[in-house]
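Some notes on the structure that comes next.
The analysis underlying the following values was restricted to heavy atoms, covering all of them including side chains, and did not include hydrogens, waters or symmetry mates. Letters A, B, ... are given to chains in the order of the sequence lines, protein chains preceding strands, and every chain is numbered from 1.
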Number of protein chains: 2
Amino acid sequence: MSVQERKERERAIRERLILATARELAEQQGWEAVTTRRLAERIEYSQPVLYSHFRGKREIIGAVAVEGAAEMATALRAAAAAADGPRARVAALAHAYLDFAARNPAVYDAMFQLDGGLDFATADTPEPLKDAFAALLESLGEVAGDDVHPGVVTEVFWAALHGLATLTRSGRLPPAFAEGRTELLVDHFARR
Amino acid sequence: MSVQERKERERAIRERLILATARELAEQQGWEAVTTRRLAERIEYSQPVLYSHFRGKREIIGAVAVEGAAEMATALRAAAAAADGPRARVAALAHAYLDFAARNPAVYDAMFQLDGGLDFATADTPEPLKDAFAALLESLGEVAGDDVHPGVVTEVFWAALHGLATLTRSGRLPPAFAEGRTELLVDHFARR
DNA sequence: TCGGATGTCTAGCGGTGCTAGGATCGCTGC
DNA sequence: GCAGCGATCCTAGCACCGCTAGACATCCGA
């Protein structure tokens, strides 16, 4: 049985290599540069090998997204834990979120801009995605009014962060005053 | 001179035909279905004709975006004008914005998701884009606190609307409670 | 009526995601 | 130790993409 185990191990290693390479290439030159040919060349295999691991490019994007969601959840929780008080926690969350988006634009795109074939807000949603949302919910629940649903508050807060992240990066919001916008957002959600 | 004028007129008509066809095709089947071949076939000309009007596909997207921005500005102003009081105006704006995004997803994508080669937040920004932002600013300024810049408030409000629009349409926010999210957003921005 | 400019098309380039089919490699049972 | 077989991988190719060079026809002005 050892042979089979070794093969599975090697397959898993190669799969991680594919994902790491795709992510690296995407961060360096954007997702449009991540073609199956280039990706295959970088991992030093032929194209069809990619299709023995993933159904297609979309599924590769999806896998990178799930990976990224886990990282984001960790980053958000770390930021919240390091802050004192509800208002500070929400501010820390906002900064951590936008920071993650700015530092990992390709991963962020995989998560929230591109089609990775993932289910959102359903039972089949990958755990890391639900967890990242939960990380937001934990601190937002503290500042939600008694008369509103914490989940809804979190959704709107998330949508605002997402808008800031994407519009800023695409140049639709001026880079200046980015900090001011973040502070204003936090004020509106954590004032009570 | 009459001949030349007629030719220019015909050229202008064909250019509008290209844009209308591109928009229609994009709304029907998404922008990925808008290929130069299909577009050329629909307008009953060969591909190279497209390139005598636009530098490339990107510029076609940009032109549709500018067209859409003018429409959106009109829709926003109409909504605001029909509402009584600052709070109601902001609510009307939010609904009109999200309604426009939901009814014209392809145009919305051209404006805010895709690369149409347009400048944003600069001096070269096409007038309709600036005007659509101005339409938001007019009503948001009324509810901005005295100690904050109305422009920044509008930017954050816009970002939140953009997040709601895109995350909802891509299935990342559940369709349920969409109305609740909108109301909550308005509450947070038009409470004073 | 003719020459030339203008406009349009055919054909093709290098790229994309994806896949069928053959070759080669490595494991397993004798 | 070796033969046969199954898993694994690659070559080659499909249909499509955005875009363009160059041939061709058409229409205008003299």
Side-chain angles (χ1 to χ4, degrees), chain A residues 1-19 21-23 25-26 28-65 106 109-110 114-118, chain B residues 1-19 21-23 25-26 28-65 106 109-110 114-118:
Chain A
M1 293 303 105
S2 169
V3 168
Q4 193 176 346
E5 286 175 10
R6 195 206 65 216
K7 288 196 175 181
E8 283 176 12
R9 211 163 49 231
E10 287 172 352
R11 256 191 80 82
I13 288 174
R14 195 172 61 182
E15 188 157 318
R16 287 206 301 275
L17 174 64
I18 292 173
L19 291 180
T21 307
R23 179 172 173 170
L25 193 49
Q28 284 172 354
Q29 312 181 34
W31 276 105
E32 71 283 355
V34 182
T35 70
T36 54
R37 279 171 181 78
R38 250 193 290 262
L39 187 49
E41 192 189 4
R42 288 228 182 173
I43 66 169
E44 296 180 315
Y45 281 94
S46 68
Q47 287 174 277
V49 165
L50 300 173
Y51 293 87
S52 73
H53 288 270
F54 303 95
R55 281 181 193 277
K57 189 180 172 180
R58 159 191 300 208
E59 207 169 283
I60 295 177
I61 294 174
V64 170
D109 283 346
L114 303 176
D115 179 9
L118 302 176
Chain B
M1 294 304 105
S2 169
V3 168
Q4 193 177 345
E5 285 175 11
R6 193 205 68 217
K7 289 196 174 182
E8 282 176 13
R9 210 164 48 231
E10 287 172 351
R11 257 191 80 81
I13 288 174
R14 195 172 62 183
E15 187 157 319
R16 286 206 301 274
L17 174 64
I18 293 173
L19 291 180
T21 306
R23 178 171 172 171
L25 192 50
Q28 283 173 355
Q29 312 182 33
W31 276 105
E32 71 283 355
V34 182
T35 70
T36 54
R37 280 172 180 75
R38 251 192 290 258
L39 188 49
E41 192 188 3
R42 289 227 181 173
I43 64 169
E44 297 180 314
Y45 282 93
S46 69
Q47 287 175 277
V49 164
L50 299 174
Y51 293 86
S52 74
H53 288 270
F54 303 95
R55 280 181 192 277
K57 189 181 171 180
R58 160 192 299 208
E59 207 170 281
I60 294 177
I61 294 173
V64 169
D109 283 347
L114 302 176
D115 178 10
L118 302 176

Going by modelled atom types, is there a donor-acceptor pair between the base of D:dC19 and the side chain of B:Gln47 at under 3.5 Å? yes

Rounded off to whole Å, could you give me the CD1-to-P distance for the A:Ile60 and C:dG17 pair? 9 Å

Below the 4.0 Å mark, does D:dC17 have OP1 or OP2 next to a side-chain nitrogen or oxygen of B:Thr35? yes

When the distance from CG of A:Leu39 to P of C:dT16 is rounded to whole Å, what number comes out? 12 Å

For DNA chain C, the residues among residues 48-56 of chain B that have a non-hydrogen atom under 4.0 Å from it: B:Pro48, B:Val49

Let me know the distance between CD1 of A:Ile18 and P of D:dC9, rounded to the nearest Å. 10 Å

So what does B:Arg11 hit on the nucleic acid, given a heavy-atom distance under 4.0 Å: a base, only sugar-phosphate, or nothing? nothing

Could you check how far CD of A:Glu8 sits from P of C:dC27, rounded to whole Å? 15 Å

To the nearest 0.5 Å, what is the distance between OG1 (B:Thr21) and CG (B:Leu50)? 9.5 Å

Using a 4.5 Å cut-off on heavy atoms from C-beta on, say whether the side chain of A:Arg16 contacts that of A:Leu19. no

Quick one: does B:Thr36's side chain get under 4.5 Å of B:Phe54's, heavy atoms only? no

Write out all pairs satisfying salt bridge (Lys or Arg N to Asp or Glu O under 4.0 Å) with one or both partners inside residues 31-55 of chain B, taking only residues at least two apart or from two chains. B:Arg55-B:Glu59

Indicate whether OP1 or OP2 belonging to D:dA15 is found under 4.0 Å from a side-chain N or O atom of B:Arg37. no

Quick one: B:Lys57 NZ to C:dT16 P, roughly how many Å, whole number? 16 Å

Mind checking B:Arg58 for me? I need base, sugar-phosphate or nothing, with any heavy atom below 4.0 Å counting as a touch. nothing

When you compare the side chain of B:Ile60 with that of B:Leu39, does any pair of heavy atoms fall below 4.5 Å? yes

Could you tell me the separation between the CD atom of B:Glu10 and the P atom of D:dC27, rounded to a whole number of Å? 11 Å

One should read off an interatomic distance between B:Asp115 CG and B:Lys57 NZ, to the nearest 0.5 angstrom, of 11.5 Å

Looking at D:dC9, I'd like to know if its phosphate oxygens (OP1 or OP2) sit under 4.0 Å from a side-chain N or O belonging to A:Arg14. yes

Mind calculating the distance between CD (B:Glu32) and P (D:dG18) to the nearest angstrom? 11 Å

Taking atom C1' of C:dG15 as reference, at what distance in whole Å does atom CD of A:Gln29 sit? 15 Å

Atom pair CG/CD1 of A:Leu17 and A:Ile43 - distance to nearest 0.5 Å: 6.0 Å

Under 4.0 angstrom between A:Thr36 side-chain N/O and C:dC18 OP1 or OP2: no

